[in-house]
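The structure appears below as structure tokens.
All ligand and atom numbering here is 1-based and tracks the order in the structure. Quick note: residue numbers are just sequence positions, from 1.
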Amino acid sequence: MADQKGKTILTGVKPTGAPHIGNYIGAIRPALRLAASHEKSYLFIADYHALNAVYDPKALKEDSYQVAACWLALGLDPAKTVLYRQSDIPEIPELVTILSAVTPKGLMDRSHAYKAAKDRNAEENRDPDADVNMGLYTYPLLMAADILIANTDIVPVGKDQVQHIEFARDMAGYFNGAFKKNVLKLPEYQLEAGGALLPGIDGRKMSKSYGNHIPVFIDSAARRKLVMKTVTDSKLPAEPKNPDENVIFQIYTHVGTPEEVQAMRDAFEKGGMGYGDAKQKLFEALERNFEQPTAKYNELMADRKKLDDILEEGAARARKVTRETLSNVREAIGLARLRN
Ligand code: ADP
Ligand code: TRP
């Protein structure tokens with residue numbers, strides 16, 4: 001990896017409810033590691049993005065708190081990583097308005113998310129724009145504003161988000177070209193190393209939509225119950241088993257120490273490791289990883305004032321940068337800089 005010292009890294013998280021351990025291993029843990037290894041890191045709750053699909057004030061509020069509590073409980077250091085709500089940064093929607101003046105409509109038409117919605121409608125013989133609101137249509141504009149307003153160098157993304165970063169680069173280029181000034185920094189994406197897909201307790205990919213997930217924040221009894229329900233075949237303890245075909249072992253590889261994982265692999269291959277034993281070891285490793293974060297999460301969710309304070313402080317810190325960027329943008333187009 002190229003030297004990333006001094007670079008700004010930014011991630012947005014849609015508030016979509018409590019995470020499972022697949023989300024943690026596949027998305028949250030890598031993002032926390034990246035944030036810790038960069039001088040400047042921003043993590044925000046993309047509540048305006050969620051609004052396109054959720055018209056439920058209680059859920060939006062609750063889910064936003066959950067995201068904040070979740071990342072803090074899992075190790076985000078708010079003194080280092082700036083944690084804020086998108087909706088606390090008024091510079092973002094202002095930049096959306098400005099970017100929309102230099103962005104061709106055709107760019108939005110090419111957005112994967114919009115095209116997917118149109119394809120679904122076509123399959124169902126509905127009007128192509130049925131259930132497509134302007135928030136969905138202009139999703140890439142808002143996302144570009146999130147990124148460009150913070151002077152971001154790097155956005156870690158999964159494959160599905162690459163187009164959004166390319167669009168943000170395009171929009172920064174359109175703006176700089178239109179006003180003949182290098183005001184907006186062109187961000188780069190960094191593809192998250194894919195591949196680490198956790199199976200759920202039924203052996204399919206762990207996913208909320210399959211209901212086969214182990215939530216990160218649950219009490220020990222519930223955690224034990226889910227682990228004990230994990231599918232196995234009917235081999236007897238004494239029989240040798242292939243650990244790579246075994247859901248318990250696959251989950252264990254992500255939460256056990258390297259020595260523990262090797263020991264379980266050896267024991268499965270040699271024979272003598274029963275599934276009951278393996279489940280107990282998996283449960284213990286999960287406890288070690290998630291018992292304390294669960295306590296911290298519950299503590300934070302019971303203290304909204306503390307969460308509000310952290311988010312407000314984050315917004316104040318973020319706005320030092322976002323106000324500067326917006327002032328430069330306003331100046332470039334012939335408007336006054338923001339006052340104080
Ligand atoms: P779900 O399928 O439970 O709805 P999402 O699609 O909301 O999960 O995924 C959120 C993030 O978590 C994504 O970055 C995704 O790559 C990661 N993720 C989801 N499921 C898994 C899994 N089983 N293993 C590893 N990472 C996962
Ligand atoms: N679109 C992202 C997702 O669905 C969330 C997001 C919003 C985001 N704004 C962002 C991610 C800016 C990175 C940078 O996951």
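Each of the atoms 12 (C), 14 (C) of ligand 2 lies under 4.0 Å from some heavy atom of L10. Taking every heavy atom of K14 and a limit of under 4.0 angstrom, the matching atoms of ligand 2 come to 4 (O). Atoms of ligand 1 found under 4.0 Å from any heavy atom of L197, numbered from 1 in the order shown, are 22 (C), 24 (N), 25 (C). The contact set between ligand 1 and L198, taken as ligand atoms under 4.0 Å from a residue heavy atom, comprises 22 (C), 23 (N), 24 (N), 25 (C). With ligand atoms numbered from 1 in the order given, ligand 1 contributes 20 (N), 21 (C), 22 (C), 23 (N) to contacts under 4.0 Å with heavy atoms of M206. Applying the 4.0 Å criterion to heavy atoms of A27 picks out, from ligand 1, the atoms 11 (C), 12 (O), 14 (O). If you number the atoms of ligand 2 from 1 as listed, the ones under 4.0 Å from a heavy atom of V155 come out as 13 (C), 14 (C). Each of the following atoms of ligand 2 lies closer than 4.0 Å to a heavy atom of H49: 7 (C), 9 (N). Listed by number with element, the atoms of ligand 1 under 4.0 Å from a non-hydrogen atom of G26 are 25 (C), 26 (N). Short contacts between ligand 1 and K208, defined as distances under 4.0 Å to a heavy atom of the residue, involve ligand atoms 1 (P), 3 (O). For ligand 1, the atoms lying closer than 4.0 Å to a non-hydrogen atom of S207 are 1 (P), 2 (O), 3 (O).
With respect to atom 20 (N) of ligand 1, the closest heavy atom belonging to the protein is K205 NZ, 3.2 Å. Considering only non-hydrogen protein atoms, atom 1 (N) of ligand 2 sits nearest to Y139 OH, 2.6 Å. Scanning the protein heavy atoms around atom 9 (N) of ligand 2, the nearest turns out to be D146 OD2, 2.7 Å. Ranking the protein heavy atoms by distance from atom 12 (O) of ligand 1 puts N23 ND2, 3.0 Å first. The nearest protein atom to atom 13 (C) of ligand 2, hydrogens excluded, is given as G12 N, 3.4 Å; this is a heavy-atom distance. Of the protein's non-hydrogen atoms, the one nearest atom 2 (C) of ligand 2 is Q161 OE1, 3.3 Å.
Considering backbone and side-chain N/O of H164, none are found under 3.5 Å from N/O of ligand 2. Checked by distance only, ligand 1 and G22 come closer than 3.5 Å through their nitrogen or oxygen atoms.
In this structure, atom 10 (C) of ligand 1 has protein heavy atoms in its sub-4.0 angstrom surroundings. For atom 3 (O) of ligand 1, a protein heavy-atom neighbour is found at a distance under 4.0 Å. Within a 4.0 Å radius of atom 18 (N) of ligand 1, the protein contributes one or more non-hydrogen atoms.
A cation-pi arrangement is absent between K14 and Y48, since the terminal nitrogen or guanidinium carbon is not both under 6.0 Å from the aromatic centre and inside a 45° cone about the axis. In this structure, R265 fails the cation-pi test against F249, since its NZ or CZ atom is not both closer than 6.0 Å to the six-membered ring centre and inside 45 degrees of the ring normal.
Proximity of the aromatic rings of H164 and Y139 is defined here by a centroid distance below 6.0 angstrom, and this criterion is met.
Checked by atom type, the side-chain pair Q250/N246 shows no donor-acceptor distance below 3.5 Å. Between the side chains of N289 and Y24, no donor-acceptor pair is found at a separation under 3.5 Å. For the residue pair T325 / E91, no side-chain donor-acceptor distance below 3.5 Å is found, with atom types taken as modelled.
Here K229 does not pair with D202 in a salt bridge; the nearest charged N to carboxylate O distance is not below 4.0 Å. Salt-bridge check for K305 with D309: passed, with a basic side-chain N closer than 4.0 Å to an acidic carboxylate O. Remark: K118 does not engage D129 in a salt bridge, criterion side-chain N to carboxylate O under 4.0 Å.
Checked by atom type and distance alone, the side chain of H20 pairs as donor or acceptor with a backbone atom of G22 at under 3.5 Å. When atom types are taken as modelled, the side chain of R223 and the backbone of I218 share a donor-acceptor pair closer than 3.5 angstrom. T81 places no side-chain N or O within donor-acceptor distance of the main-chain N or O of P78, the cut-off being under 3.5 Å. Proximity of a side-chain donor or acceptor of K80 to a complementary backbone N or O of A35 within less than 3.5 Å is detected. At distances below 3.5 Å, at least one donor-acceptor pair connects side-chain atoms of D47 with backbone N or O atoms of S87.
Of all the heavy atoms of I147, the ones lying under 4.0 Å from any atom of ligand 2 belong exclusively to the side chain. At a heavy-atom distance under 4.0 Å, no atom of H213 approaches ligand 1.
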Side chain to side chain donor-acceptor pair (under 3.5 Å) between Y42 and D146, worked out
CA-CA 11 Å; Y42 294 89; D146 295 333; over 6 Å; no
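Taking only non-hydrogen atoms, the option from Y42, F44, Y189 nearest to atom 12 (C) of ligand 2 is F44.
Taking a 4.0 Å cut-off on heavy atoms, I25 fails to register as neighbouring ligand 1.
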